[in-house]
Amino acid sequence: MSLERDTGYAEPDTPTSNLVEVRVAAEPAQLAVMRAVIGDLAMRADFDVDSIADLRLAVDEACSSLVRLAAPSASLVCRFHIHEGALSVTAEVISDDAFGPRKDTFSWRVLSALADSVSTSVQSDAGSNGSHLVRIELTKGRTAHE
């Protein structure tokens with residue numbers, strides 16, 4: 001049984017060419033896919049080498065946290081949005097857990113240090129036998145070139 005549902009995600013008011021969505025099984029083996037995608041997007045958006053490394057690690061930390069919370073057979077969905085010198089990432093999974101990622105962990109501190117902004121949210125879904133949509137959003141701006 002696969003846990004798929006429309007997340008009700010509202011598309012940003014930007015061209016779809018600036019938005020990339022990747023959907024994989026919520027398994028640790030799939031984290032390399034997300035690291036590769038963010039690395040490529042950051043490189044194409046002219047981020048410096050250190051910022052690209054930070055983004056790869058931040059996405060890995062966010063997705064790892066979500067994979068640990070994911071319901072069996074759930075998908076990990078990441079949306080990468082390139083805008084005005086910044087990259088935003090929204091990562092989400094369906095979880096049986098009503099709580100989002102813990103913010104008192106080393107992983108969360110690393111994530112918070114690597115990104116300019118990080119937030120998390122949990123939405124209940126009354127129609128899905130008590131499952132919840134757990135989401136982590138992060139943004140990192142491009143370092144100005146001198």
Side-chain angles (χ1 to χ4, degrees), residues 2-125 128 131-145:
S2 177
L3 290 174
E4 293 286 331
R5 71 174 187 154
D6 182 14
T7 60
Y9 179 77
E11 294 292 329
D13 294 329
T14 58
T16 56
S17 63
N18 293 339
L19 181 68
V20 175
E21 181 176 305
V22 179
R23 183 178 305 260
V24 296
E27 299 173 357
Q30 299 297 326
L31 297 177
V33 173
M34 299 307 184
R35 286 192 305 268
V37 171
I38 192 64
D40 184 68
L41 291 172
M43 183 178 55
R44 291 172 188 271
D46 202 27
F47 278 68
D48 62 58
V49 174
D50 291 334
S51 294
I52 293 170
D54 288 351
L55 277 162
R56 282 185 176 139
L57 187 53
V59 167
D60 187 70
E61 289 293 336
C63 292
S64 294
S65 296
L66 292 173
V67 165
R68 286 191 294 273
L69 296 172
S73 302
S75 292
L76 171 64
V77 179
C78 286
R79 292 177 189 88
F80 305 93
H81 181 218
I82 303 166
H83 54 93
E84 300 158 12
L87 262 166
S88 296
V89 180
T90 301
E92 57 192 32
V93 294
I94 300 296
S95 175
D96 295 330
D97 189 349
F99 303 100
R102 291 183 44 201
K103 294 182 180 178
D104 61 347
T105 62
F106 179 72
S107 177
W108 189 263
R109 288 186 78 63
V110 168
L111 178 57
S112 298
L114 294 170
D116 296 338
S117 67
V118 182
S119 64
T120 185
S121 63
V122 179
Q123 292 177 316
S124 298
D125 185 5
S128 65
S131 67
H132 306 274
L133 179 66
V134 181
R135 179 180 289 146
I136 296 176
E137 297 178 87
L138 63 96
T139 300
K140 182 158 184 77
R142 184 173 47 228
T143 304
H145 295 284

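For clarity, every value in this text was computed on a predicted model and none was experimentally measured.
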Asker: Residues in side chain to side chain donor-acceptor pair (under 3.5 Å) with Ser112, at least two apart?
Answerer: Trp108

Asker: Identify the two heavy atoms, one from Gly39 and one from Arg56, that lie closest to each other, and give their separation to 0.1 Å.
Answerer: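 Scanning both residues completely, I find the closest heavy atoms to be CA-NE, 3.5 Å.
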
Asker: Tell me whether Ser95 contacts the main-chain N or O of Leu69 through its side chain, where contact means a donor paired with an acceptor under 3.5 Å.
Answerer: yes

Asker: Using 0.5 Å steps for rounding, measure from the CG atom of Leu114 to the CG atom of Asp54.
Answerer: 5.0 Å

Asker: Taking 4.0 angstrom as the limit, do Asp40 and Arg44 come out as a salt bridge?
Answerer: yes

Asker: Provide the closest heavy-atom pair for Ser131 versus Asp96 in the form atom of the first, atom of the second, distance.
Answerer: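 Where Ser131 meets Asp96 most closely, the heavy atoms are CB-OD1, 4.5 Å.
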
Asker: Does Arg23 come within less than 4.0 Å of Glu21, counting only side-chain N to carboxylate O?
Answerer: yes

Asker: Measuring from atom CD of Glu137 to atom NE2 of His81, what distance do you get when rounded to the nearest 0.5 angstrom?
Answerer: 12.0 Å

Asker: If you take all heavy atoms of Leu138 and Ala62, which pair is closest and at what distance?
Answerer: CD2-CB, 4.1 Å

Asker: Less than 4.5 Å apart, any side-chain heavy atom of Ser121 and any of Leu133?
Answerer: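 Heavy-atom side-chain distance check fails, nothing below 4.5 Å.
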
Asker: Between Ser75 and Val77, is there a donor-acceptor pair closer than 3.5 Å when you use the side chain of the first and the backbone of the second?
Answerer: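 No, the answer is negative, given that no donor and acceptor are paired below the 3.5 Å cut-off.
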
Asker: Does the side chain of Leu76 reach to within under 4.5 Å of the side chain of Met34, using non-hydrogen atoms?
Answerer: yes

Asker: To the nearest 0.5 Å, tell me how far His132 NE2 sits from Glu92 CD.
Answerer: 15.0 Å

Asker: What heavy-atom pair brings Val93 and Ala26 nearest, and what distance separates the two atoms?
Answerer: CG1-CB, 4.3 Å

Asker: In the structure I gave you, are the side-chain heavy atoms of Asp97 and Val134 within less than 4.5 Å of one another anywhere?
Answerer: no

Asker: Would you find a donor on one side and an acceptor on the other, under 3.5 Å apart, between the side chain of Asn18 and the backbone of His83?
Answerer: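 Not a single qualifying donor-acceptor pair exists.
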
Asker: Do Lys103 and Thr120 have side chains that get closer than 4.5 Å, going by heavy atoms?
Answerer: yes

Asker: Could you check if a side-chain atom of Val37 sits within less than 4.5 angstrom of a side-chain atom of Val59, using non-hydrogen atoms only?
Answerer: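 Of all side-chain heavy-atom pairs linking Val59 with Val37, none is under 4.5 Å.
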
Asker: Determine the minimum heavy-atom distance between Val122 and Gly100, stating which atoms define it.
Answerer: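 The pair with the smallest heavy-atom distance is CG2-N, 3.4 Å.
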
Asker: With rounding to the nearest 0.5 angstrom, report the CZ to CG distance, Phe47 to Leu55.
Answerer: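 Output value for this atom pair is 5.5 Å.
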
Asker: Would you give the length of the straight line joining atom CD1 of Ile136 to atom OG of Ser119, rounded to the nearest 0.5 angstrom?
Answerer: 9.0 Å

Asker: If you measure from CD on Glu27 to OG on Ser73, what distance do you get to the nearest 0.5 Å?
Answerer: 8.5 Å

Asker: Evaluate the side-chain proximity of Cys78 to Cys63: yes if any heavy-atom separation is below 4.5 Å, no if none is.
Answerer: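 Yes, side chains in contact.
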
Asker: If the test is side-chain contact (heavy atoms from CB on, under 4.5 Å), which one of Leu19, Thr90, Ile38 qualifies with Phe80?
Answerer: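 Result for side-chain contact (heavy atoms from CB on, under 4.5 Å) with Phe80: Ile38.
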
